[in-house]
Amino acid sequence: MQFAVLPVRGRPVSPLPGQAFLVRDNWDDYSFKTTFQLLCVGSGGEVREIGAVKIGQFGMVAPARTPLPDGFETLDGDFFSLGLRDTYYERLRELGSDLQHTVLRALNDVSFDLDLFSRARAESVTGTSLLRTVSVDTVVGRFRGSDLSAGPSAAITDVTRRHLFDALRGAGVSWSGSLDEVTFLRRLYDLDRLKSHDLRFTTAEGDILQHRYNNPEDWDDDWVFDDERFGLADGADEVLLRFLAEMIHPAVRTDPGEVQQLLTLVNGHLAPDGYELAEKRTVSGYPVYAARRIPAHPGTPHPAPPAAPPFAPSGQDAYAAVRHAARGVRKDYDCPRTPVPDGGQANVFKATHKTLGTTVALKKLHNKHPAERQVARMRREIEIGQLLDGHPHAMPILDFGAEHTWFVMPWADATAAERQELLREPVELRALVDALASVLATAHEHGWLHRDIKPSNILYFNDRWTLADWGIGRRPRGQTTKVGRTGHFIGTEGFAAPELFKAPHDATASSDIYSIGRVIAWALTGKLPETNLPLLPPPGPWRSIVRAATHQDPQRRPQTVSDLLAMIDREHAVIAEDPLPTAETLLEAAGTGDSAAVDTLLTLIGSHPEDYELHIGVLARLDTRQAGPALARDPAQAHSLLHALAEHVHGDDTHTVQFGDAAAVVIWLHGICSYAADHRDWDLLEEAAHAMCTWDGAWDQWSAQDKIGPWLRALTSEAASVIADVLRDHPESAQHFSHIADDRTADTRIRRALRPGTAN
């Protein structure tokens, strides 16, 4: 398959079956421009839109645009790509497996080649651009279980894996840490897409619950290492490394000593194969580890399993100790007589674990024999708490009663309502919004809605924002415990979306997005929103975000959390400074003989190849006696500038080339050609001549040709040879000078190149 790269908003001309086109997109990911639209031509010549794909390059540093060649069959190993949406891969699959395989290989797709992904993940462009809206889990799991595989070779050998698993078994460490096994695995895998080994269940989760919870003796504690569904024994390196890093994530394991000992054990086994787990970032001051490549040491022996250090039970974290001691007994907690104010549907007490002395929040239904509706709400809150367990922005459930009439969670430092003044600071507000978006994205992926987002339900805990009180959340469709229970209105007036007044069970993710918008407006204005009355912050980027998020029509709001975040990023993006005024100032300085200004001007124009006015209105006015030497000093920059100038020959969407401008450009390029010929700089001469003939062939300006004609007649030796070759490549321009073909004073090579019908 032959790929061609088209400019922004470009369309294929006379497409042929077997062709594909990558149309550039100007979308900016924090100064990375990596997005393309992939078009494939079907067997009947029809152009099929596949979707958006981002293409990065190893070593790419912002600001940068992916430097693809104009045409290729297969990208070289410096590049790698990732489709933005599942529909991109679905449409490729519709083309047939052979063509799908060809495209994925040609574009070096990282979902298709996980070994390539493991190498590309450390690149700045990967984290900033390619993974901006796509999770690592999605990349890794996209082709799991599929017959389509790139077959990457794994650097971690079977021997290493077996010894590592034996060491972990011998150490007696729980691979899921303080989390239950299903919760841990959900952080890495989509259990709903993995098959069940037990025919009674349709998904892996049902399988695990049956044989590890209901009948815990059915499977060994280390069952996951050899279960082919999770790819630890024979999958890509990336899969195993992600699993090992997750084992020591601060949300999974809270004892620093245990984390360090486990890290030492794992790295001791990975080092001979060229990997290690190293700190990549921190969460609330705790290190988060990720895999990275290190020089392999084949001669280094693997540590023997018996040498694995003993592990002490975790318990240094106070809340982890409460979770560990949990037994569903209400009397384990000492509660004061009076609950905290505004407990809503239940009383909330600042309680103390009697044995551990840890302060916790105990939430208990009001009555000794509460109504079934109240119990259902608390059961729902416990259920979603377990689903989100381990998420840094979900308030964890530490203990609960079997009757679902009470539960325990950490004691929060404050509510958003108590920190409203701080939220007027842009950084603080963005941290809160990002936290809500993060936890809601996970909940929405599993079909849950919150439906009661408000300041008192947003808690500040452990130096981060968390979302609590899911009591009136909506379960995934089809899992509602009782039809009609929801009633006709739920939520908090002013913060709840208007559709929650009418049909709360039919709410969508946009209902939660509405509430986020109302929280933002409340934070920035200090005013409580009123039902059906708009509340907008002062002019600025948040104003348009709130207006869109709180639209009365749910269909006209951002439809997903990702859409909302993308809007926030766009509205807060730094608007690039217009380079034209700076260029005009530099041009004026260059006119005074400032050579440094000339170099700076050319660099500025070169960084904006798409800017028509910079090239036509500024570059073409720079004195060629200054431009020529500067271009000669930097051949790579000369090539880029002259190529970009040639690309502007037909203007753009906002600029139409004027005849006078065309003549000025050709005359300027002729000046560069004259300089290059006089100084025997053949590369610069060839580049400038190609650009000159491109413009002359398109615009046929006599005033420019009156200068070029005598110059062509005077060329001799190497200069005549170079220009003759260029004229053969531009017959439209050559015909403007065909009269020179009969001029015996001109060089023979020039005359032959200008003679109609002469073979190249």
Margin query: For a quick check under 3.5 Å, do N462 and Y319 share a side-chain donor-acceptor pair by atom type?
Written below: no
Check: R253 and S174: which non-hydrogen atoms are nearest, and at how many Å?
Finding: NH2-O, 2.7 Å
Next item on the list: Any chance you could lay out the ring-ring contact (aromatic ring centres under 6.0 Å, His included) test for F407 and F400, step after step, and finish with the verdict?
Entry: CA-CA 4 Å; F407 68 83; F400 62 91; 8.5 Å; no
Next item on the list: Determine, stepwise, if the pair F243 / F184 fulfils ring-ring contact (aromatic ring centres under 6.0 Å, His included).
Entry: CA-CA 10 Å; F243 187 96; F184 177 94; 5.3 Å; yes
Check: At what distance, to the nearest 0.5 angstrom, does CD1 of I50 lie from CD of E94?
Finding: 8.0 Å
Margin query: Using every non-hydrogen atom in the two residues, find where A468 and H450 come nearest and quote the distance to one decimal.
Written below: O-NE2, 2.9 Å
Item checked: Working for salt bridge (charged side-chain N to carboxylate O under 4.0 Å, His left out), residues D221 and R212 -> CA-CA 8 Å; D221 291 341; R212 288 295 294 162; 3.1 Å; yes
Note to self: Please find the pair of heavy atoms, one from L277 and one from L241, that lie closest to each other, and give the distance.
What the structure shows: CD2-O, 4.2 Å
Check: Minimum heavy-atom separation for L179 to T183, with atom names?
Finding: CD1-CG2, 4.2 Å
Notebook entry, point to check: Judged by modelled atom types alone, do W27 and D29 share a side-chain donor-acceptor pair under 3.5 Å?
Noted result: yes
Item checked: Any H391 side-chain heavy atom under 4.5 Å of S438 side chain -> yes
Next item on the list: Output the distance between atom CE (M60) and atom OG1 (T128), rounded to the nearest 0.5 Å.
Entry: 10.5 Å
Margin query: To the nearest 0.5 Å, what is the distance between CZ on R93 and CG on L104?
Written below: 11.0 Å
Item checked: Backbone N/O of I156 and side chain of R161: donor-acceptor pair under 3.5 Å -> yes
Next item on the list: Output yes when R186 and E205 qualify as a salt bridge under the 4.0 Å nitrogen-oxygen rule, no when they do not.
Entry: yes
Check: Hey, does E246 have a side-chain heavy atom less than 4.5 Å from the side chain of L188?
Finding: yes
Check: Hey, are the side chains of L22 and V53 touching, using non-hydrogen atoms and a 4.5 Å cut-off?
Finding: yes
Check: Rounded to the nearest 0.5 Å, how far does CZ of R121 lie from CG of L130?
Finding: 12.5 Å
Next item on the list: Let me see the working for T603 and Q637 under side chain to side chain donor-acceptor pair (under 3.5 Å), right down to the final yes or no.
Entry: CA-CA 8 Å; T603 300; Q637 184 181 69; 3.3 Å; yes
Notebook entry, point to check: Heavy atoms, side chains only, cut-off 4.5 Å: are L432 and E428 in contact?
Noted result: no
Note to self: Do T34 and T66 pair up side chain to side chain, a donor and an acceptor below 3.5 Å, judged on atom types alone?
What the structure shows: no
Note to self: Counting C-beta onward and ignoring hydrogens, is there a side-chain heavy-atom pair between V259 and Y286 closer than 4.5 Å?
What the structure shows: no
Next item on the list: Look at the side chain of T138 and the backbone N and O of V134, then say whether any donor-acceptor pair between them is shorter than 3.5 Å.
Entry: no
Margin query: Using a strict threshold of under 4.0 Å (side-chain N to carboxylate O), is an ion pair present between K195 and D207?
Written below: no
Check: ring-ring contact (aromatic ring centres under 6.0 Å, His included) between W465 and H393: does it pass, once the steps are laid out?
Finding: CA-CA 6 Å; W465 290 105; H393 301 294; 9.9 Å; no
Check: Between P410 and P396, which heavy-atom pair has the shortest distance, and what is it?
Finding: CD-O, 3.3 Å
Check: Roughly how far apart are H324 NE2 and T254 OG1, rounded to 0.5 Å?
Finding: 10.5 Å
Next item on the list: Assess whether side chain to side chain contact (heavy atoms under 4.5 Å, CB included) is satisfied between V288 and R281, documenting all intermediate values.
Entry: CA-CA 5 Å; V288 176; R281 57 187 177 89; 4.0 Å; yes
Check: Is a side-chain N or O of Y189 found less than 3.5 angstrom from the main chain of F230, in a donor-acceptor match?
Finding: yes
Next item on the list: Apply salt bridge (Lys or Arg N to Asp or Glu O under 4.0 Å) to R162 and list each qualifying residue two or more places apart in sequence or on a separate chain.
Entry: D226
Checklist line | Stepwise side chain to side chain contact (heavy atoms under 4.5 Å, CB included) test for D109 and D113 | finding: CA-CA 6 Å; D109 188 281; D113 186 344; over 6 Å; no
Note to self: Using only atom types and a distance under 3.5 Å, with no angle test, would you say the side chain of H446 pairs donor to acceptor with the backbone of T442?
What the structure shows: yes
Notebook entry, point to check: Step by step, would you call I458 with T466 a side chain to side chain contact (heavy atoms under 4.5 Å, CB included)?
Noted result: CA-CA 6 Å; I458 304 170; T466 61; over 6 Å; no
Margin query: salt bridge (charged side-chain N to carboxylate O under 4.0 Å, His left out) for R430 and D434? Distances and angles first, verdict last.
Written below: CA-CA 6 Å; R430 183 61 194 266; D434 284 348; 2.9 Å; yes
Margin query: Going by salt bridge (Lys or Arg N to Asp or Glu O under 4.0 Å), name the residues that satisfy it together with D25, two or more places apart in sequence or in a different chain.
Written below: none
Next item on the list: Flag the pair L194 / T203 as yes when at least one side-chain heavy-atom distance between them is below 4.5 Å, and no otherwise.
Entry: no
Notebook entry, point to check: What about F112 and F117, are their ring centers closer than 6.0 Å?
Noted result: no
Next item on the list: Examine R293 relative to Y275 and say whether NZ or CZ is less than 6.0 Å from the centre of the six-membered ring and inside a 45° cone about the ring axis.
Entry: yes
Checklist line | Closest approach of H101 to R105 (non-hydrogen atoms, all atoms of both residues) | finding: CE1-NE, 2.7 Å
Next item on the list: May I ask you to check whether F165 and W175 place their ring centers less than 6.0 Å from one another?
Entry: no
Note to self: Side chains of R229 and H197, heavy atoms from C-beta outward: is any pair under 4.5 Å?
What the structure shows: yes
Next item on the list: List the steps and the verdict of side chain to side chain contact (heavy atoms under 4.5 Å, CB included) for E258 and I248.
Entry: CA-CA 9 Å; E258 184 179 272; I248 54 176; over 6 Å; no
Notebook entry, point to check: Is it true that a side-chain atom of Q2 and a backbone atom of A20 form a donor plus acceptor pair closer than 3.5 Å?
Noted result: no
Notebook entry, point to check: Taking N108 for the side chain and F79 for the main chain, is one N or O donor matched with an acceptor at less than 3.5 Å?
Noted result: yes
Next item on the list: Quick one: pull up CG in D399 and NE2 in H353 and give me the separation to the nearest 0.5 Å.
Entry: 7.0 Å
Check: Do D463 and S284 have a side chain donor and acceptor closer than 3.5 Å?
Finding: no
Item checked: Heavy-atom check, side chain of S196 versus side chain of T202, under 4.5 Å -> no
Note to self: Does either side chain, that of H444 or that of T560, offer a donor lying less than 3.5 Å from an acceptor on the other one?
What the structure shows: no
Notebook entry, point to check: Do E181 and W223 have a side chain donor and acceptor closer than 3.5 Å?
Noted result: yes
